[in-house]
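Convention: sequence-line order gives letters A, B, ...; per-chain numbering from 1.
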Amino acid sequence: MEYLKRTVTCGELAVADAGKSVVLNGWIHRHRDHGGITFLNLRDRYGVTQVVIDADASAGLKATAAELKFEYCVAISGRVRARPDAMVNRDMGTGAIEVVAEGIQILSRCETLPFMIDEKSDAKEDLRLTHRYLDLRSFSMQRKLRLRHEVAFAVREHLAGKGFFEIETPTFIKSTPEGARDYLVPSRLYPGKFYALPQSPQLYKQILMVSGFDKYFQLARCYRDEDARGDRQPEFTQIDIEMSFVKRDDILALVEGLMGHVFRKTLGLDLPPTFRRIAYDDSMELYGNDKPDLRFGMEMSDIGSFALRSTFQAFKEAIAAGGAVKALVVKGKADYSRKQIEELEASAKIFKAKGLAWMKVGAEGRLEGGASKFFAGEGIDSTLATDLLGALGAGPGDLILMVADGKRKVANQGLGAVRSKLGRDLGFCDPACFEFAWIVDFPMFEYNEDEKRWEAAHHMFTMPQEKYHSTLESDPGAVKGDLYDLVLNGFELASGSIRIHDPELQKRIFSIVGFDAKDAETKFGFLTEAFKYGPPPHGGIAPGLDRLVMLMAGETSIKEVIAFPKNSFAVGPMDDSPNFVDAKQLEDLHIRIVEKKE
RNA sequence: GGGGGCGUGGCGAAGCUGGUUUAUCGCGCCGGCCUGUCAAGCCGGAGAUCGCGGGUUCAAGCCCCGUCGCUCCCGCCA
């Protein structure tokens, strides 16, 4: 049967349209039968329109209307009518009008829903993902995917305007063993050989620089076979960018401009023209991580010198072991209960901290409770308490929290986790507030205790900062790279670096991380080969589109801004992937499944 | 690989330390009433082997063991 095709959408009719004959297509969002009169809310991507079946409608029309249930897909013809003043719904875009039904055509029916299509749908995530097609009908999901589209569009608009070319790179590539685990694709034509899905287009974009495409970008799908998190999926999308003949600050400026454009175009927000820059070491010391949430201060302090004057043996031992004692002040929270402090301690322990010490500042600045006996009292340096309070900027009514550890990193991360939890608990994390910052001066190398060797902290093509070039081999741990991360509200939004374009320097880096010429040749031969032919100085960055949209949408999981995400075990709940394949397929691919022996 | 949390009609929850239920409530579903609602309202009804398996007990949704699934986190993510 021919269906009545819409002449208008469900979001566009206004009082000015009164009297027009229209056809609407959409889904039954709500159904209110009052006996004599029936109201239908018809929904599509554009909005909701109220349809009325008047008391004097034909018996046939009333019978069809009575059949309608949630989410039936229908075509409705009728006449637009301005609602009487008292019946206007000001919360509804089309609330000033209604459509008086003259004909209703049921296009398809809908079974009882597994959950309601509603803004405040409280179905569990697993169920939402299994029936994602229904979940995506909700206005909240439609709004988020629309935002994602608009962000992607604004990115292309901005970068194309700056002279960038969007160039696609392959998704079947050679596996490179460094970094995350690869997803592999078996080759039918070459028994035993595999393609890998790219963890990022890194090598290809650098080669495009060799080719002279000095401003490249791509909204690139990336694949990493690692365990998922709220902000990590097996496949995700990067705004991949690379430029030639640039220095670090050119890239930072470009991304500042890009973010400014995206926020202005999509959210109508003006960002500051430049973002603050924080050295990696400072970020670790002040916030306990390299992706600080800067919507609130509450920075950590090193109170090692005060700890040494105290009688707290555990603190002194931590310092003697080469560690640190870190403290933070929670303003006006001396009334925190034992239970609340224990909850904070639990978050510190996640990062291997042994405990969370605390003291309260009472009237006249007296230290009270918890660890106070180690800092004030008989036989203790009489100015210690006032000196400490002065250094911390703490006063009466404040709570002081401390973590000590023989490993400085553990003290920082432990107390940093406490700081993050406090930020959430105390309501400092307004999702409508966007605090960007650059984290710069990352270390080039990290020592792998297990394998007793140096590893690249970022990747092996990162340029070490000029001033360390002479001491690369003698003191690798001190070398800072020309690296930069963009952080936003406690999330790493982008990571990038200036790359090495000098083959000699590249060889030295390979050698420090234990790559001999042969390793380099097998693993990255095509890149080193390309770099023999006049590679330009270049660098780049890759903001994560999913995380960016997630934060802009006020969400805390990227699943909320991906149409069809995987669950936390990398399973697609809707299509039930991954799954077994036919024996014939395996045979074609020269693959035999081996049962795991226990 | 490790830790926290969860699993009760289609959905979301309650069920305190085992014994008042015929396992409760809201939404949805089915039937009925209702001429201005917009999360419509009112009346009635159906629907659950309490994730699964085992154990303890006179008695298990509740306790124990195992197992499966989901979720968050640590590790991992150059």
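- Residues passing the salt bridge (charged side-chain N to carboxylate O under 4.0 Å, His left out) test with Arg408(A) are Glu285(A), Asp302(A), sequence neighbours excluded.
- Each of Leu422(A), Leu356(A), Val418(A) was scored for a side-chain contact (heavy atoms from CB on, under 4.5 Å) with Ser347(A), with one residue passing: Val418(A).
- Going from the P atom of G36(B) to that of G51(B) covers 45 Å, rounded to whole Å.
- Closest to the Arg229(A) side chain, of the nucleotides U37(B), G1(B), C73(B), is C73(B).
- Ranking G36(B), A39(B), C29(B) by closeness to the Phe70(A) side chain, first place goes to C29(B).
- Comparing the P positions of A14(B) and G26(B) gives a spacing of 15 Å, expressed to the nearest Å.
- You won't find any donor-acceptor pair under 3.5 Å spanning the side chain of Arg90(A) and the base of C38(B), going by distance alone.
- Counting distance only, with no hydrogens placed and no angle test, the side-chain atoms of Arg83(A) and the base atoms of C38(B) include a donor-acceptor pair under 3.5 Å.
- Arg547(A) places its CZ atom 14 Å from the P atom of C77(B), with the value rounded to the nearest Å.
- Ring centroid separation for the pair Phe461(A) and Phe524(A) comes in under the 6.0 Å cut-off.
- Ring centers of Tyr223(A) and Tyr183(A): at least 6.0 Å apart, outside the cut-off.
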Could you list the protein-to-nucleotides 15-17 of chain B atom pairs, N/O on both sides, closer than 3.5 Å?
none

Listing time: all N or O pairs from protein to nucleotides 41-45 of chain B that are below 3.5 Å?
none

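- With C70(B), C38(B), A39(B) as the choices, the nucleotide that has an atom nearest any side-chain atom of Asn41(A) turns out to be C38(B).
- Separation of the C1' atoms belonging to A13(B) and C77(B) is 36 Å when rounded to the nearest angstrom.
- The side chain of Phe39(A) sits closest to U37(B) out of U71(B), G28(B), U37(B).
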Pairwise N/O distances under 3.5 Å, protein to nucleotides 2-7 of chain B:
none

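- Atom CG of Leu42(A) and atom C1' of C38(B) are 14 Å apart (whole Å).
- Atom P of nucleotide C29(B) and atom CD1 of Ile28(A) are separated by 13 Å, given to the nearest angstrom.
- In the set C11(B), U71(B), C38(B), the nucleotide with an atom closest to the side chain of Phe569(A) is U71(B).
- Candidate nucleotides G36(B), G10(B), U71(B) were compared by shortest atom distance to the side chain of Pro114(A), and G10(B) ranks first.
- Side chain of Ile350(A), nearest nucleotide from C76(B), C74(B), U37(B): C74(B).
- Applying the 4.0 Å criterion to OP1 and OP2 of U37(B), one finds that Arg32(A) has every side-chain N and O outside that range.
- Of the residues near RNA chain B, Met460(A) and Lys566(A), the one whose nearest nucleotide (by heavy atom distance) lies more toward the 5' end is Lys566(A).
- A straight line from CE of Met87(A) to P of A40(B) spans 17 Å, rounded to a whole angstrom.
- In this structure, Ile76(A) and Leu40(A) have side chains that are in contact, with non-hydrogen atoms separated by less than 4.5 Å.
- Both Gly179(A) and Lys559(A) lie near RNA chain B, and the one whose nearest nucleotide falls closer to the 5' end is Lys559(A).
- The base of G75(B) does not come close enough to the side chain of Glu226(A) for any donor and acceptor atom to sit less than 3.5 Å apart.
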Which pairs, protein N/O on one side and nucleotides 25-27 of chain B N/O on the other, fall under 3.5 Å?
none

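- Rounded to whole Å, the P atom of A23(B) lies 12 Å from the corresponding atom of A48(B).
- The side chain to side chain donor-acceptor pair (under 3.5 Å) test with Asn41(A) singles out one residue from Arg32(A), Arg30(A), His31(A), and that residue is Arg32(A).
- Of the candidates G75(B), C74(B), A39(B), G75(B) carries the atom nearest the Asp227(A) side chain, counting heavy atoms from C-beta on.
- In this structure, the salt bridge (charged side-chain N to carboxylate O under 4.0 Å, His left out) partners of Glu67(A), at least two apart in sequence or on a different chain, are Arg109(A).
- Between G54(B) and A60(B), the two C1' atoms lie 13 Å apart (nearest whole Å).
- Phosphate proximity of C38(B) to Asn89(A): absent, as no side-chain N or O sits under 4.0 Å from OP1 or OP2.
- In terms of polar N and O atoms assigned as donor or acceptor, the side chain of Arg30(A) never comes within less than 3.5 Å of the base of C38(B) in a complementary pairing.
- Checking C74(B), C77(B), U71(B) against the side-chain heavy atoms of Phe351(A) singles out C74(B) as nearest.
- A straight line from CD1 of Ile37(A) to P of C38(B) spans 13 Å, rounded to a whole angstrom.
- Side chain of His34(A), nearest nucleotide from G75(B), C38(B), C34(B): C34(B).
- Here the separation of C25(B) from U21(B), taken at their P atoms, is 13 Å to the nearest Å.
- Here Ala55(A) lies in heavy-atom contact (under 4.0 Å) with a base.
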